[in-house]
Amino acid sequence: MPLVAVDYQSETAKEDFVESLRETGFGVLKNHPIQQSKVTDIYDTWQKFFDSEEKHKYVYNKGTQDGFFPQSVSETAKGNTKKDIKEYYHFYPWGQCPPELREQLEQYYKEANELAQELLSWIEDYSPQDVASSYSQPLSQMIEDSDQTLLRILHYPPLNGDEEPDAIRAAAHEDINLITILPAANEPGLQVKARDGSWLDVPCDFGNLIVNIGDMLQEASGNHFPSTTHRVVNPDNTDMTKSRISLPLFLHPRPDVKLSERHTAGSYLQERLKELGVI
């Protein structure tokens, strides 16, 4: 099933969106409430931030994981040995942030969280009865008042040709959280792994919103909604000297939320962060 953008305003939006998630692990929305101009402004201001030395004043706190992560401590995807070619900033409303950039991020964080709650209610509405009955609470309530939901501003720097062999911008991985909301980035490269093992390009039309399932929703739904493997490849036949900015919001439940008989959201997150080597 190819990835086709679902019109948020259409009468069948809920059903079409959840069907796409179920079949591919991804849903692509158009005509949604997030204003593209706000996203573009964030791309522009944060490109300047990553281009400056100012970023080193905000190096991340290891205990709380907020702040700037330089490329030297970039993630190594589970099962991989090469670090990803990226640097990034972790924003939480309670965490550190350059003062002049805080209001812009807080507004986006709030709007994207509200949309995420709506999309999670769609997912629950179109979960089979036996799956829905296993949720410990409504999916949309799991993220209410959560201080764990993370907005990550990702910077994939220009490639200069001397990168490690086989290193790519983001190796194949799954997300840890419930769902991830991602405005289409300013450069192509995001790919999703199809059921037959091939890689599909995710539509990067400016203005689209990309939503994917994370491991926590897979856990909570008893694998009904699959956490999808995806990656960001180095540009092919595009300008390698261009940066790529990406703005994923990772929706995390409160740590005490019960995902399954095996895990709370807190225990699941700690297990995965240790596997990633970031704690």
Side-chain angles (χ1 to χ4, degrees), residues 29 32-75 83-117 143-160 169-170 175 177 179-190 204-211 232 239 241-252 254 273 278-279:
L29 287 174
H32 53 80
I34 303 291
Q35 291 181 9
Q36 186 60 32
S37 58
K38 288 186 177 179
V39 174
T40 302
D41 287 346
I42 293 173
Y43 288 166
D44 291 344
T45 54
W46 281 83
Q47 182 67 62
K48 294 185 181 79
F49 174 81
F50 286 117
D51 287 343
S52 75
E53 292 304 307
E54 180 83 359
K55 61 189 178 185
H56 297 293
K57 296 179 183 177
Y58 295 93
V59 170
Y60 74 105
N61 296 305
K62 190 155 189 179
T64 51
Q65 296 281 298
D66 58 311
F68 171 63
F69 289 71
Q71 196 171 325
S72 60
V73 295
S74 183
E75 294 166 317
K83 282 187 180 296
D84 293 341
I85 306 170
K86 65 188 182 188
E87 58 185 357
Y88 49 94
Y89 197 98
H90 278 184
F91 173 79
Y92 300 94
W94 49 259
Q96 60 175 326
C97 182
E100 68 278 9
L101 300 180
R102 179 176 289 278
E103 183 179 353
Q104 180 189 50
L105 287 191
E106 284 182 342
Q107 182 63 30
Y108 177 81
Y109 187 96
K110 176 176 177 290
E111 290 180 13
N113 260 280
E114 289 170 354
L115 178 58
Q117 283 191 298
I143 62 170
E144 275 183 8
D145 303 318
S146 173
D147 63 3
Q148 298 295 300
T149 288
L150 162 66
L151 181 59
R152 175 184 282 176
I153 306 95
L154 270 162
H155 176 228
Y156 300 105
L159 302 176
N160 55 22
R169 285 178 160 178
D175 291 346
N177 43 288
I179 60 171
T180 302
I181 288 184
L182 175 71
N186 60 356
E187 288 294 316
L190 180 62
C204 63
D205 300 348
F206 233 40
N208 279 355
L209 198 69
I210 299 158
V211 182
V232 180
D239 188 353
T241 63
K242 271 182 150 181
S243 286
R244 186 175 188 275
I245 297 280
S246 185
L247 195 65
L249 181 72
F250 300 101
L251 280 304
H252 278 268
R254 298 177 305 283
L273 289 178
V278 294
I279 61 170

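Worth saying up front: this structure is predicted, and the values here are computed from it rather than measured.
With sequence neighbours left out, Glu144 forms a salt bridge (charged side-chain N to carboxylate O under 4.0 Å, His left out) with no residue at all. Not a single salt bridge (charged side-chain N to carboxylate O under 4.0 Å, His left out) links Lys48 to another residue, sequence neighbours left out. Under the ring-ring contact (aromatic ring centres under 6.0 Å, His included) criterion, Phe68 pairs with His56, sequence neighbours left out. With sequence neighbours excluded, no residue forms a side chain to side chain donor-acceptor pair (under 3.5 Å) with Thr149. By the side chain to side chain contact (heavy atoms under 4.5 Å, CB included) test, Asn61 is found to be paired with Thr64, Asp66, Gln96, residues two or more places apart in sequence or in another chain being considered.
No side-chain heavy atom of Phe69 sits under 4.5 Å from any side-chain heavy atom of Lys86. The closest side-chain heavy-atom distance from Phe50 to Ile245 is below 4.5 Å. By the 4.5 Å heavy-atom criterion applied to side chains, Ile181 and Ile34 are not counted as neighbours. Within the 4.5 Å cutoff, side-chain heavy atoms of Trp46 are placed close to those of Leu105. Counting only heavy atoms from C-beta outward, the side chains of Leu247 and Ile153 approach each other to under 4.5 Å.
Nearest approach of Ile179 to Ala116, heavy atoms of both residues: CD1-O, 4.1 Å. Of all heavy-atom pairs between Tyr58 and Cys97, the closest is CE2-C, 3.9 Å. The two atoms that bring Leu182 and Ser246 nearest to each other are CD1-OG, 3.2 Å, heavy atoms only.
To the nearest 0.5 angstrom, Gln47 atom CD is 10.5 Å from Ser52 atom OG. The distance from the CZ atom of Phe49 to the NE2 atom of His155 is 11.5 Å, given to the nearest 0.5 Å. Interatomic distance, CD of Gln65 versus CG of Leu273, reported as 6.0 Å (0.5 Å rounding). Taken from CZ in Arg102 to OH in Tyr109, the straight-line distance is 11.5 Å, to the nearest 0.5 Å. With rounding to the nearest 0.5 angstrom, the CG atom of Asp147 is 8.5 Å from the OH atom of Tyr92. Between Leu151 atom CG and Ile42 atom CD1 the span is 7.0 Å, to the nearest 0.5 Å.
There is a side-chain donor-acceptor pair under 3.5 Å between Gln107 and Glu111.
Residue pairs meeting the salt bridge (Lys or Arg N to Asp or Glu O under 4.0 Å) criterion with at least one member in residues 50-60, sequence neighbours excluded: Glu54-Lys57, Lys55-Glu87.
With hydrogens and angles disregarded, a donor-acceptor distance shorter than 3.5 Å links the side chain of Ser146 to the backbone of His252.
Salt bridge absent: Lys110 and Glu106 never bring a charged side-chain N and a carboxylate O closer than 4.0 Å.
Around CD of Glu100, the count of heavy atoms belonging to other residues, nucleotides or ligands within 6.0 Å exceeds 12.
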Quick one, Phe206 with Val39, criterion side-chain contact (heavy atoms from CB on, under 4.5 Å). Give me CA distance, side-chain angles, the key distance, then yes/no. CA-CA 10 Å; Phe206 233 40; Val39 174; 5.9 Å; no
